[in-house]
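Okay, so here's the structure we're looking at.
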Amino acid sequence: MIGLKSTLNVIDNSGALLVECVNVLKQKVNNGWGSVGDEIVCVVKRARPVAAATQASVTAVKVKKGDVRRAVIVRTRKAVRRPDGRLIRFDDNAAVLLNNKREMLGTRIGGIVSADLRMKGWSKIVSLAPKVSSISSASFRY
């Protein structure tokens with residue numbers, strides 16, 4: 001359940017470390033709360049520092065503090081019920097930054113993501129993730 005002023009860790013290599021949600025972009029369902037697979041508008045609160053020498057390179061940091069970006073939620077602390085009755089919960093809230101064309105801003109993902117992303121049309125994120133949570137326990141803690 002991600003809403004206004006919620007903070008999320010960024011798990012891609014776009015350069016952002018922490019973002020704050022300012023809007024949930026979806027149909028008027030669930031009263032403005034976002035879950036795994038939903039798009040949000042967020043503000044970058046903390047970003048990786050960039051050196052002057054690497055600023056001109058191709059692999060430069062793509063975002064800086066204060067940037068307003070779109071993101072997709074990939075992990076939530078609030079337990080999500082799967083269709084078979086299992087509850088999946090993570091230790092933190094996490095997101096992956098997007099550009100305006102709904103493409104990933106980074107090229108790598110550095111953490112586990114929820115398998116529910118595949119059902120919501122974010123298969124590109126699932127394919128780049130090092131681990132996908134498709135376990136059979138009642139509660140999972142990352």
Side-chain angles (χ1 to χ4, degrees), residues 1-83 86-142:
M1 302 280 272
I2 305 297
L4 183 66
K5 302 290 276 182
S6 297
T7 58
L8 300 96
N9 296 326
V10 180
I11 61 168
D12 61 8
N13 63 345
S14 61
L17 296 173
L18 190 71
V19 294
E20 181 180 283
C21 175
V22 294
N23 192 12
V24 178
L25 299 174
K26 63 180 202 177
Q27 289 75 28
K28 297 294 181 189
V29 190
N30 212 2
N31 295 327
W33 295 99
S35 187
V36 172
D38 292 333
E39 262 189 89
I40 61 172
V41 177
C42 55
V43 176
V44 177
K45 286 295 182 184
R46 194 167 57 207
R48 288 189 189 94
V50 58
T54 61
Q55 202 166 16
S57 72
V58 177
T59 59
V61 176
K62 298 175 179 73
V63 295
K64 59 184 184 295
K65 183 178 175 183
D67 283 355
V68 178
R69 297 286 179 169
R70 289 183 177 214
V72 61
I73 303 168
V74 295
R75 290 195 303 248
T76 58
R77 287 232 356 118
K78 176 72 175 170
V80 177
R81 185 173 294 278
R82 295 260 173 92
R86 291 181 289 165
L87 286 172
I88 304 296
R89 182 181 65 205
F90 297 95
D91 272 351
D92 64 342
N93 298 321
V96 172
L97 293 184
L98 305 172
N99 62 12
N100 290 334
K101 294 188 271 184
R102 295 185 67 188
E103 298 167 346
M104 284 180 46
L105 212 54
T107 56
R108 291 184 178 174
I109 294 182
I112 191 168
V113 299
S114 177
D116 298 336
L117 289 171
R118 187 176 282 121
M119 292 184 287
K120 297 213 176 166
W122 297 104
S123 56
K124 171 78 171 177
I125 295 173
V126 175
S127 66
L128 287 175
K131 186 162 173 140
V132 180
S133 71
S134 58
I135 58 164
S136 60
S137 65
S139 177
F140 177 76
R141 310 259 334 195
Y142 174 71

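This is a predicted model, so every value here is computed, not measured.
- The minimum heavy-atom distance linking Ala115 with Ser133 is given by the pair CB-O, 3.4 Å.
- Summarising the geometry, atom CZ belonging to Arg70 is positioned 11.5 Å from atom CD1 belonging to Ile40; distances are rounded to the nearest 0.5 Å.
- Phe90 places a side-chain heavy atom less than 4.5 Å from the side chain of Ile112.
- Considering every non-hydrogen atom in both Gly111 and Ala129, the closest pair reads O-CB, 4.2 Å.
- Distance check, rounded to the nearest 0.5 Å: CZ of Arg81 to CZ of Arg86 gives 11.5 Å.
- From Lys62, atom NZ reaches atom CG of Asp67 across 13.0 Å, with rounding to the nearest 0.5 Å.
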Tell me, with the steps shown, if Leu105 and Arg69 meet side-chain contact (heavy atoms from CB on, under 4.5 Å). CA-CA 10 Å; Leu105 212 54; Arg69 297 286 179 169; 4.0 Å; yes
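- Judged purely by atom type and a 3.5 angstrom limit, Lys120 uses its side chain to pair as donor or acceptor with the backbone of Val36.
- The distance from the CG atom of Leu98 to the NZ atom of Lys124 is 12.0 Å, given to the nearest 0.5 Å.
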Please test Val10 against Leu17 for side-chain contact (heavy atoms from CB on, under 4.5 Å), starting from the C-alpha separation and ending with a verdict. CA-CA 5 Å; Val10 180; Leu17 296 173; 5.9 Å; no
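- Formation of a donor-acceptor pair under 3.5 Å by the Trp122 side chain with backbone atoms of Gly37 is found in this model.
- The shortest heavy-atom contact between Val41 and Leu25 is CG2-CD1, 3.6 Å.
- From Arg82, atom CZ reaches atom CG of Leu87 across 10.0 Å, with rounding to the nearest 0.5 Å.
- Val24 and Ile2 get closest at one heavy-atom pair: CG2-O, 3.6 Å.
- Nearest heavy atom pair, residue Leu8 against residue Ala95, reads CD2-CB, 3.9 Å.
- Taking the side chain as every heavy atom from C-beta outward, Val43 and Val68 approach each other to under 4.5 Å.
- The residue from Ile109, Asn99, Val72 that alone fulfils the side chain to side chain contact (heavy atoms under 4.5 Å, CB included) condition with Met104 is Ile109.
- For the pair Asp12 (side chain) and Val96 (backbone), a donor-acceptor distance under 3.5 Å is absent.
- For the residue pair Ala16 and Val63, the shortest heavy atom distance occurs at N-CG2, 3.4 Å.
- Just one of Asp92, Asn93, Asn9, Asp91 meets the side-chain hydrogen bond (donor to acceptor under 3.5 Å, both in side chains) condition when paired with Arg75; it is Asp92.
- No side-chain heavy atom of Thr76 sits less than 4.5 Å from a side-chain heavy atom of Ser114.
- In this structure, the side chains of Leu128 and Val113 stay at 4.5 Å or more apart for every pair of heavy atoms.
- Looking at Asn13, its side chain does come within 3.5 Å of a backbone N or O of Thr107 through a donor-acceptor pair.
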